[in-house]
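Reviewing the structure listed below.
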Number of protein chains: 2
Amino acid sequence: MSKCEQCIVREFSSLKALNKEELVKLAECKTSRLVKKGEVIFEEGENVNGIFCVKDGVCKLTKLSQNGKDHIVKLVTKGELLGQRSMISEEPVNLSAVALEDMQVCFIPKSEIMGFFDKNNQFSMNVMRTICGDLKESDDHVVNMAQKTVKQRLAETLIYLQDTFGKNEDDSLKIQLTRDELASMIGTATESCIRLLSDFNKLGLIELKAKKITLKNIPQLKKMA
Amino acid sequence: MSKCEQCIVREFSSLKALNKEELVKLAECKTSRLVKKGEVIFEEGENVNGIFCVKDGVCKLTKLSQNGKDHIVKLVTKGELLGQRSMISEEPVNLSAVALEDMQVCFIPKSEIMGFFDKNNQFSMNVMRTICGDLKESDDHVVNMAQKTVKQRLAETLIYLQDTFGKNEDDSLKIQLTRDELASMIGTATESCIRLLSDFNKLGLIELKAKKITLKNIPQLKKMA
DNA sequence: GTATTTATATGACATATATCATATTTTAAG
DNA sequence: CTTAAAATATGATATATGTCATATAAATAC
C-alpha cells in the first residue's frame with residue numbers, strides 16, 4: 001500500500017487541501033488498480049459509491065446517445081479525480097469511463113470523502129471549484145456544438161489535444177485517438193472526420209503519417225476554430 | 001424590506017438550509033429589484049460578486065458564440081438562484097442573464113454567502129448538489145446537440161417547455177419565446193425553426209395560433225425526440 | 001509469414017440544414 | 001388610425017454533413 005502524500009493526484013486535485021493525518025487515513029482505505037487500455041472503469045448507470053484518482057494514464061468519459069453512438073464528453077488525465085459529481089448527487093454515474101491508455105487508478109470509498117466534506121472546508125471548496133470549472137467548460141461546449149461547424153470543432157479539438165496532452169519528439173500528438181474516437185469527440189460521422197483530416201492535410205495544416213497526427217500550422221488552425 | 005422566511009426562493013433553492021437567524025441576516029443585506037422584460041440582469045464577462053434570487057419571472061442565460069449569434073444555454077425561473085458558479089469560481093460570469101418576462105429578483109452579496117459556506121455545511125452541500133445537477137444537465141445537453149437532429153431537438157425542447165413552465169387555460173405554452181429564441185435554444189437558424197414548427201403543425205403534432213404554440217400530440221413528440 | 005480483422009481513406013450520392021429573397025402578419029410607434 | 005418596424009412564414013437554392021459502398025492500409029491472430 002503506497003502513501004498518498006507524494007501522489008500526483010494529491011498535488012493537482014482537490015485533495016491538496018488534506019492534511020497529513022487525513023492523508024494517512026486516505027492511504028489506509030484506498031484501493032489501487034491497474035487498468036489496461038480499453039478497459040472500462042465504470043459504466044453509465046452504475047453505482048460507484050466513491051471517487052477514482054487517476055495516478056497515471058488517460059481515460060475518456062462517454063455517454064451513449066439515443067442513436068446508439070457513443071459521444072466522448074471529456075478526457076480525464078493523471079492528477080484528476082473521477083466520479084465526484086455522481087457521488088455528491090447520490091446518483092448512478094451519468095457517463096462511462098474507459099481507459100485510452102494503460103492506467104493506474106486508486107479508489108476512495110464515499111464514506112471517507114464525505115468525512116472530509118464535513119471536517120475540511122477547504123477541501124469542500126476545492127471540489128466545488130472543480131465542478132464549477134467543469135460546468136463552465138460544459139456550457140461552453142454546448143454552445144460550440146450548437147454553433148460551430150464540424151470543421152471548426154475539429155480544428156479546435158486538435159489544438160486542445162496538443163495543449164492538454166502535449167506532443168512526442170517527432171511533434172506528433174501524444175494522445176492516440178482513433179478517427180472514430182476523434183469523430184465522437186467533435187460529434188460527427190467517422191467518415192466526415194477522416195475526410196476533414198484529409199482536407200487539413202492537403203492544406204498543410206496538419207500532417208498524417210500512419211496513425212500519427214502532427215499540427216503544422218497552429219495559427220491558422222486557431223483562426224479557423 | 002421584505003422578509004426572506006416565506007420567500008419562494010428560500011423554499012426551493014439551496015437557501016432552504018438556512019436557519020432563522022441566518023434568514024434575518026439575509027433579509028438585512030439583500031437588495032430587491034424589479035426587472036422588466038428584455039432587461040439585462042448581468043452580462044457575460046461582468047463581475048457580479050454575489051448571487052441573484054429569482055422571486056418571480058423567467059430569464060434566459062445566453063452566451064455569444066463566435067459567429068455573433070446568442071445561444072440560450074438555460075432558462076431560470078422563480079425559486080432558483082443565479083450566478084452561483086461564477087461566485088464560487090471567483091471569475092466573471094460566463095453567461096448573460098436577460099429577463100423573458102417582468103421579474104422580481106433579490107441580490108445577495110458574496111460576503112454574506114461565503115459566510116454561510118463556512119458555517120452551514122448543509123447549505124454548502126445543497127449548493128454543491130445544485131451545481132452537480134446543472135453539470136449533468138449540461139453534459140447531457142452536449143450529447144444532444146452533437147447527436148440529435150434539429151427536428152429531434154425541437155420536439156424535445158417543446159416538451160421541456162411545457163413540463164417546466166406549464167400551459168395556459170387554452171393549453172398553449174405558458175412561456176412566450178420568439179421563434180428566434182426558440183431557434184437559439186435548439187441551435188439552429190431561425191428560418192429552420194419556423195419551418196419545422198410549420199411541419200409539426202401540418203402533421204398535427206402542434207397547433208400555431210398567432211404566437212401561441214399548443215402541443216397536440218405529446219406521445220408522438222416524445223417518440224421523435 | 002499469411003490470413004483475418006480492424007482502421008483509414010475516398011467516391012458517389014442522399015439528406016439536413018443554412019442562407020438569401022420575399023411575402024405576409026403582428027406588434028409597436030407616432 | 002395609420003405607418004413603420006419587427007416577427008413570422010415560405011420558396012428557391014447552396015452547402016455541409018451523413019450514409020453507403022468499396023478500396024487500401026495497418027494491426028492482430030494463427
Side-chain angles (χ1 to χ4, degrees), chain A residues 36-38 65-72 100-101 144-158 172-173 175-203 206-214 224-225, chain B residues 36-38 65-72 100-101 144-158 172-173 175-203 206-214 224-225:
Chain A
K36 287 264 167 215
K37 178 176 177 173
S65 73
Q66 284 177 315
N67 59 31
K69 281 191 202 167
D70 261 330
H71 184 85
I72 298 181
L100 289 175
E101 322 169 334
N144 279 347
M145 285 293 167
Q147 307 279 356
K148 287 189 178 175
T149 64
V150 174
K151 198 182 289 184
Q152 289 177 307
R153 291 185 332 244
L154 176 58
E156 185 179 36
T157 300
L158 290 173
S172 63
L173 294 185
I175 189 161
Q176 288 262 18
L177 296 174
T178 64
R179 302 292 190 261
D180 194 57
E181 284 168 333
L182 191 52
S184 99
M185 270 191 86
I186 66 182
T188 191
T190 309
E191 296 94 324
S192 299
C193 176
I194 289 173
R195 217 179 293 270
L196 285 174
L197 282 173
S198 190
D199 291 350
F200 282 11
N201 187 18
K202 277 167 202 153
L203 290 167
I206 64 173
E207 195 173 271
L208 301 173
K209 216 175 226 171
K211 317 204 79 156
K212 302 213 158 186
I213 300 174
T214 309
M224 64 189 296
Chain B
K36 287 262 167 215
K37 179 175 178 174
S65 73
Q66 283 175 314
N67 60 30
K69 281 192 204 167
D70 261 330
H71 184 86
I72 297 181
L100 289 175
E101 322 168 335
N144 279 348
M145 284 293 167
Q147 307 279 355
K148 287 189 181 177
T149 63
V150 175
K151 198 181 291 185
Q152 289 178 307
R153 274 152 32 211
L154 176 58
E156 186 179 36
T157 301
L158 289 173
S172 63
L173 293 185
I175 189 160
Q176 288 262 19
L177 296 173
T178 64
R179 302 292 191 262
D180 194 58
E181 285 168 331
L182 191 52
S184 102
M185 270 190 86
I186 67 182
T188 190
T190 308
E191 297 94 323
S192 299
C193 176
I194 289 173
R195 218 180 293 271
L196 285 174
L197 282 173
S198 190
D199 292 350
F200 282 12
N201 188 16
K202 277 168 202 152
L203 290 168
I206 63 173
E207 195 173 87
L208 301 173
K209 218 175 226 171
K211 317 204 80 156
K212 303 213 156 184
I213 300 174
T214 309
M224 65 190 294

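Note that the coordinates shown come from a computational prediction; the quantities given were computed from them, not determined experimentally. Within every chain, numbering begins at 1; the chains are lettered A, B, ... in the order of the sequence lines, protein sequences first and strands thereafter.
- Every residue two or more places apart in sequence or in another chain was checked for a side-chain hydrogen bond (donor to acceptor under 3.5 Å, both in side chains) with A:T214, and none qualifies.
- Between the side chain of B:E181 and the backbone N or O of B:I72 there is no donor-acceptor pair closer than 3.5 Å.
- Taking every nucleotide of DNA chain D with any atom under 4.0 Å from a non-hydrogen atom of chain B, the first and last of them, 5' to 3', are D:dA7 to D:dA12.
- Checking side-chain atoms of A:N67 against main-chain N and O of B:Q147 turns up a donor-acceptor pair under 3.5 Å.
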Using atom types as modelled, flag every donor-acceptor pair under 3.5 Å from a side chain in residues 188-200 of chain A to any protein atom, sequence neighbours excluded.
| from | atom 1 | to | atom 2 | distance (Å) |
| --- | --- | --- | --- | --- |
| A:T190 | OG1 | A:D180 | OD1 | 2.7 |

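- Put simply, the side chain of B:L158 reaches to within 4.5 Å of the side chain of B:L173, judged on heavy atoms.
- In terms of the side-chain hydrogen bond (donor to acceptor under 3.5 Å, both in side chains) criterion, residue partners of A:S172 (sequence neighbours excluded) are, by chain and number, A:N168, A:D170.
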Take nucleotides 6-18 of chain C nucleotide by nucleotide from the 5' end and write B, S or -, depending on whether a protein heavy atom sits under 4.0 Å from the base, only from the sugar-phosphate, or from neither. -SSBBBB----SB

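- Every residue was checked against the salt bridge (charged side-chain N to carboxylate O under 4.0 Å, His left out) condition with B:K69, not counting sequence neighbours, and none meets it.
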